[in-house]
S.K.: 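Before I ask anything, let me first share the structure, which is written out below as structure tokens.
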Amino acid sequence: LSSLRQFLKFKKSELAEQLDTVKVNRKGLVQIYSTHEMTQIFDSLNKKSIIVRTMLEIFYATGIRRSELANIQIFDVNLSEKSVIIRRKGGATAIVPLTITAVKAIENYLTNYRSKLNAPMPNLFIRRTGNCFHPNKINTLFDNYKKHLPEKLRGRFRPHIIRHSI
């Protein structure tokens, strides 16, 4: 609307004055974690849960969405190349690099958690029941581990905040 108004003013049109402005209620920017806060989070969850730690490492390394994380298949992860194939919104795919710590977390997860479930699901992340994670269940999983964090970090411990903290 602003562009249209400016164009009409440029053309010296009377319509420019008749256009009402649209007021947009903008929320503040996403509150992200600092590097120091992310270190505190990793230290707090270090031995608590292999699956949460691995998800956290992937979110922080790649900035992917919950749905993208839930849809990662085991064969999408290339540990030797330190990359993962991500299925984006609209059917697009992307090869996303992983950090060394994310690769180590995935290796640990595959060796010490995923391999013991003997589940036929191709998804990288599966629950103890053998079912894959729904994106909302990822939030629930993170909510369960808030209690292990320092008090000041608990309120915004969500995958979405971590994804923007990269």
Side-chain angles (χ1 to χ4, degrees), residues 27-166:
K27 295 181 180 180
L29 296 174
V30 174
Q31 295 294 313
I32 62 170
Y33 286 117
S34 68
T35 305
H36 175 69
E37 289 172 324
M38 285 305 299
T39 301
Q40 286 181 302
I41 290 171
F42 283 121
D43 289 346
S44 299
L45 296 176
N46 201 17
K47 305 285 188 221
K48 304 295 183 211
S49 170
I50 293 173
I51 194 165
V52 173
R53 173 75 183 210
T54 306
M55 287 180 175
L56 187 63
E57 287 284 0
I58 293 172
F59 279 129
Y60 191 57
T62 63
I64 62 175
R65 295 175 172 87
R66 288 177 308 154
S67 59
E68 293 167 345
L69 182 84
N71 290 325
I72 295 174
Q73 309 288 299
I74 290 177
F75 55 82
D76 292 335
V77 179
N78 186 334
L79 297 174
S80 62
E81 294 290 325
K82 297 182 190 95
S83 66
V84 61
I85 296 172
I86 303 297
R87 287 168 189 77
R88 302 263 187 213
K89 285 183 173 179
T93 59
I95 299 174
V96 180
L98 295 168
T99 62
I100 292 170
T101 53
V103 169
K104 288 179 182 176
I106 294 169
E107 287 172 340
N108 184 37
Y109 165 76
L110 290 172
T111 303
N112 297 312
Y113 183 84
R114 180 72 165 80
S115 63
K116 294 178 182 173
L117 294 179
N118 294 323
M121 297 294 290
N123 296 64
L124 176 63
F125 293 107
I126 57 172
R127 298 166 55 199
R128 287 186 193 129
T129 60
N131 297 324
C132 58
F133 272 94
H134 185 273
N136 289 339
K137 277 293 185 189
I138 294 172
N139 271 354
T140 303
L141 186 64
F142 273 62
D143 286 342
N144 292 337
Y145 282 88
K146 280 184 182 182
K147 62 183 174 242
H148 300 294
L149 299 177
E151 185 69 38
K152 67 177 184 167
L153 302 178
R154 290 181 191 171
R156 38 190 187 125
F157 185 62
R158 306 294 280 182
H160 188 74
I161 304 299
I162 295 161
R163 123 177 237 258
H164 286 288
S165 297
I166 63 169

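The chain is numbered in sequence order, starting from 1. Values below: all heavy atoms of this structure, side chains included; hydrogens, waters and symmetry mates excluded.
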S.K.: Are Ile64 and Ile58 side-chain neighbours, meaning at least one heavy-atom pair lies under 4.5 Å?
M.R.: yes
S.K.: Got Asp76 and Leu124 here, is their nearest side-chain heavy-atom distance under 4.5 Å?
M.R.: no
S.K.: If a pair satisfies salt bridge (charged side-chain N to carboxylate O under 4.0 Å, His left out) and one of its residues is in residues 54-72, list it, with sequence neighbours excluded.
M.R.: Arg53-Glu57, Arg65-Glu68, Glu68-Arg88
S.K.: Could you tabulate the donor-acceptor pairs under 3.5 Å formed by side-chain atoms of residues 89-99, not counting sequence neighbours?
M.R.:
{"residue": "Thr99", "atom": "OG1", "partner": "Thr101", "partner atom": "OG1", "Å": "3.2"}
{"residue": "Thr99", "atom": "OG1", "partner": "Ala102", "partner atom": "N", "Å": "3.1"}

S.K.: For a side chain to side chain contact (heavy atoms under 4.5 Å, CB included) check, start with the C-alpha distance between Met121 and Asn131, then their side-chain angles and the critical distance, and finish with the verdict.
M.R.: CA-CA 7 Å; Met121 297 294 290; Asn131 297 324; 5.8 Å; no
S.K.: Do you know the tightest heavy-atom contact between Thr111 and Ser115?
M.R.: O-OG, 2.8 Å
S.K.: Are the side chains of Arg158 and Asp143 in contact, using a 4.5 Å heavy-atom criterion?
M.R.: yes
S.K.: Do side-chain atoms of Thr140 reach the backbone of Asn136 as a donor and acceptor pair under 3.5 angstrom?
M.R.: yes
S.K.: With side chain to side chain contact (heavy atoms under 4.5 Å, CB included) as the test, would you mind laying out the steps for Phe133 and Ile126 before giving the verdict?
M.R.: CA-CA 6 Å; Phe133 272 94; Ile126 57 172; 5.6 Å; no
S.K.: Any side-chain heavy atom of Met55 sitting closer than 4.5 Å to one from Phe125?
M.R.: yes
S.K.: Got a second to check how far Arg154's CZ is from Lys147's NZ, nearest 0.5 Å?
M.R.: 10.0 Å
S.K.: So Phe157 and Leu153, do their side chains get closer than 4.5 Å, heavy atoms only?
M.R.: no
S.K.: Please find the pair of heavy atoms, one from Ser67 and one from Asn71, that lie closest to each other, and give the distance.
M.R.: O-ND2, 2.9 Å
S.K.: Can you confirm whether Ser44 sits close enough to Leu149 that some side-chain heavy atom of one is under 4.5 Å from a side-chain heavy atom of the other?
M.R.: yes
S.K.: Could you grab the distance from atom CE of Met38 to atom CD1 of Ile161, nearest 0.5 Å is fine?
M.R.: 11.0 Å
S.K.: Does atom NZ (Lys82) have a neighbourhood of more than 12 heavy atoms from anything else shown, all under 6.0 Å?
M.R.: no
S.K.: Is the closest side-chain heavy-atom distance between Leu141 and Arg127 below 4.5 Å?
M.R.: no
S.K.: For Ala70, is there any backbone N or O sitting under 3.5 Å from a side-chain donor or acceptor partner on Asn123?
M.R.: yes
S.K.: Heavy atoms only: give me the nearest Tyr109-Ile50 pair and the separation to one decimal.
M.R.: CA-CG2, 3.4 Å
S.K.: Are any non-hydrogen side-chain atoms of Thr54 and Asn108 less than 4.5 angstrom apart?
M.R.: no
S.K.: Where is the tightest heavy-atom contact between Ile162 and Phe142, given as atom of each residue plus distance?
M.R.: CD1-CE2, 3.8 Å
S.K.: Looking at Asn78, is its backbone amide N or carbonyl O close enough to the side chain of Glu81 to form a donor-acceptor pair, meaning the two atoms are under 3.5 Å apart?
M.R.: no
S.K.: Which distance, rounded to the nearest 0.5 Å, do you find between the CD1 of Ile106 and the CD1 of Ile74?
M.R.: 11.0 Å
S.K.: Quick one, Val77 with Val103, criterion side chain to side chain contact (heavy atoms under 4.5 Å, CB included). Give me CA distance, side-chain angles, the key distance, then yes/no.
M.R.: CA-CA 9 Å; Val77 179; Val103 169; over 6 Å; no
S.K.: Excluding sequence neighbours, so at least two apart, what forms ring pair (Phe, Tyr, Trp, His ring centres under 6.0 Å) with Tyr33?
M.R.: none
